[in-house]
Chemist: 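Structure provided below as structure tokens; questions to follow.
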Number of protein chains: 2
Amino acid sequence: MGNGITIKDVAKASGVSLATVSRVVNGTDMVSEATKEKVMEAVRSLGYNPNNAARALVSHKTNAIGIVVHNLHDPFFYDLIRGFETGAQQTKYNVIFCSVLGSDIKSKEKYLKYLTNGVVDGIILYGSYLTDESVTRYLKDRDAMKYVMIENDIPDFSCNKLLIDNTGGAQSAIRYLKNKGHHSIAHICGNPNKKVTIDRLNGYLNEMRLAGLEIHDGYIGHTSTDYKSGYERMREMMELPCRPSAVFCSDDAIASYAIRAATDMGLCVPKDVSVIGFDNQTILPDCYRGPRITTVEQPLHQIGYDSVALLSQQLEDQKTVTNVRKTYETRIVEKETVAAVGK
Amino acid sequence: MGNGITIKDVAKASGVSLATVSRVVNGTDMVSEATKEKVMEAVRSLGYNPNNAARALVSHKTNAIGIVVHNLHDPFFYDLIRGFETGAQQTKYNVIFCSVLGSDIKSKEKYLKYLTNGVVDGIILYGSYLTDESVTRYLKDRDAMKYVMIENDIPDFSCNKLLIDNTGGAQSAIRYLKNKGHHSIAHICGNPNKKVTIDRLNGYLNEMRLAGLEIHDGYIGHTSTDYKSGYERMREMMELPCRPSAVFCSDDAIASYAIRAATDMGLCVPKDVSVIGFDNQTILPDCYRGPRITTVEQPLHQIGYDSVALLSQQLEDQKTVTNVRKTYETRIVEKETVAAVGK
DNA sequence: CTGAAAGCGCTTACAG
DNA sequence: CTGAAAGCGCTTACAG
């Protein structure tokens, strides 16, 4: 690794001690201008770069932040990643991403074990998978590490938490539909392994009850881990004896497939059936070309940015030990897939 | 970092030497079943995990691979990232991503300096930026590191190179259009900082010459670093006195904006003007909803997968020192944006 | 302002 | 099969 040049070579070349080279390179203690120049000259001509493993070992600091997500390729992450990148650009920390495919808990553990043992100073974890129990147990044990959990409120785990009001957002979606005159409102759930799916389902259930709206047979559709299955669920719902006039989809990617299904059946969205999604996802999978999807927005870019900024700030001032807990509000973004009915 | 449990604690708890613990944990040398069990028990009950910085320092191996790209958020990367992820899943190496925003060479250098000094054993670098000179100079000096350069054939730099025949691909696009009866073919170039832009432009120029087709005034449009500027370039071309019947765009993202421009001007693609792109990009920016774009495909998923597989295999068997050089061929994928004319 | 020395947590010949 | 010891490349009190 590296080019083989160590601090020793620099010390020799410039005729000073290792300690002095270290001080010059790090700009810590006072060093006379003369020796500083001698050392810098040697650093330059030798092409010296400090070994990060050695630094980490002795200083217990890596100056790096790790971000762990599932399915980094998912266009869902577009805004979130931009947020991370923008945050990264503003910090001295090196920001590295790790991705696990699907809900492969084994690789998630592997990456977390890797990162938490001498590789990064802090970790940003996005998303809550119901299969995460062993991961959580492991993390709780690493108390020296700083965490930002996004969209994941692990009980009994005190760390920074940036949360989204998913239940409230789902409720606002139902209220919005009701105000548009809809009474027959169905729900297509998301990935069954994610906690967010349950939260949004609960929001649907709560608000339907509060609004006094009946949930007919077949009004709750469960997708697989694949957004695509939203297509089949929508198909089934559209063939229900008591066909819903509106469908709340757990996320925009599912909504995009649901709208394709309706369209393929000869139905017009929103004239024949209204659809509302969640996320306000900028980029949809699989070249969606339907109407712009009315949705419940969560501020993903902001959250990505905030998470990096928060973590690097906390790592810098060691005083700031108080963990942040913040819940981001959602808002309805009206586009083209919900129509008013009745009235 | 970590949980504070070191190899010393394990040695003490199980009544053996550090060396023995190391041997058990790494499964290297022979150790008797009895002591092996004692040690493993201590490892488990203490929750010991080896410190990667210490390991890296002494063994000169990190068991990690770094991937560096520009604009990780760009949906262009969808297939490539899936390829990286799939490759990562199949290797014991920890795969980490670093992203630099725009063509921020300063951060690129920062990340490369970080990775190459005790953090990873090998690096995959995607893309060729014309501003990369200092980066290249730096990398050439790190000969102990293994590299896979994708889409970047740095002269005098011997490393693994996975290349795409961009010039050939561009030529095939022009030939394809000519075979469809087009004689007035314009070209919208891509990001001026990328070498790929020049290669594809050269392909266009070559093939136009070979085909004996004239490049009229205004037939070559230059975009900024933003795909969006493809919109303006297309607008201008459509107002040319000698309006082209077909436009070859340097990539699909630009093509998507070009098609929007034509459509907004009341032109129909491909009836009034044909458009061909490059990349066969699965997911387009900014919710494109036009026709499916006929394009020159490059096998991004395969390249992503191959790069990780190649690097981890080379790091494993140290004998395989011969660098691989492979050029992936492109192929035309006919979709909905090119029509035949004349005849 | 500068240096000698200890030590971070591990691995790996070298002995036995 | 197991242990004592050296050393990876750095930083940081501690002296001076």
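Please read all numbers here as calculations on a predicted model, not as lab measurements. Reminder, nothing fancy here: chain letters follow the sequence lines and each chain counts from 1.
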Chemist: Let me have DNA chain C in dot-bracket notation, would you? Count Watson-Crick plus G-U wobble pairs, both distances under 3.5 Å, and use [ ] for pairs crossing earlier ones and | for inter-strand partners.
Modeler: |||.||||||||.|||
Chemist: For B:E85 and A:S99, indicate whether the former's side chain and the latter's backbone hold a donor-acceptor pair under 3.5 Å.
Modeler: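 A pair under 3.5 Å: no.
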Chemist: Assuming nearest nucleotide by heavy-atom distance, tell me which of A:S32 and B:V25 is located more 5' along DNA chain C.
Modeler: A:S32
Chemist: Starting at the 5' end of DNA chain C, which residue's closest nucleotide do you reach first, B:N49 or B:R23?
Modeler: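 The residue mapped nearer the 5' terminus is B:N49.
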Chemist: In sequence, state the C-alpha distance, the side-chain angles, and the governing distance for B:I124 and B:I150, and then conclude on side-chain contact (heavy atoms from CB on, under 4.5 Å).
Modeler: CA-CA 7 Å; B:I124 298 170; B:I150 305 179; 3.7 Å; yes
Chemist: Is B:K146 salt-bridged to B:D121, cutoff N-O under 4.0 Å?
Modeler: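 Judged by the 4.0 Å cut-off on N to carboxylate O distance, B:K146 and B:D121 do not form a salt bridge.
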Chemist: Check for a donor-acceptor pair, side chain of B:K161 on one end and backbone N or O of B:I154 on the other, with a separation under 3.5 Å.
Modeler: yes
Chemist: Check every nucleotide of DNA chain D for an atom under 4.0 Å from a heavy-atom of chain B, then give the first and the last such nucleotide from 5' to 3'.
Modeler: D:dC1 to D:dG9
Chemist: Under the side-chain contact (heavy atoms from CB on, under 4.5 Å) test against A:Y93, which residue among A:T62, A:I65, A:V308 passes?
Modeler: A:I65
Chemist: Counting only heavy atoms and a strict 4.0 angstrom limit, can you tell me which residues of residues 34-48 of chain B come near DNA chain D?
Modeler: B:T35
Chemist: Has the side chain of A:D104 got a donor or acceptor atom that lies under 3.5 Å from a matching backbone atom of A:S107?
Modeler: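 The answer is yes, because a donor-acceptor pair under 3.5 Å joins these two groups.
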Chemist: Is any side-chain N of the basic residue among A:D79 and A:R82 closer than 4.0 Å to the acidic one's carboxylate O?
Modeler: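 Counted as a salt bridge, because a side-chain N and a carboxylate O are separated by less than 4.0 Å.
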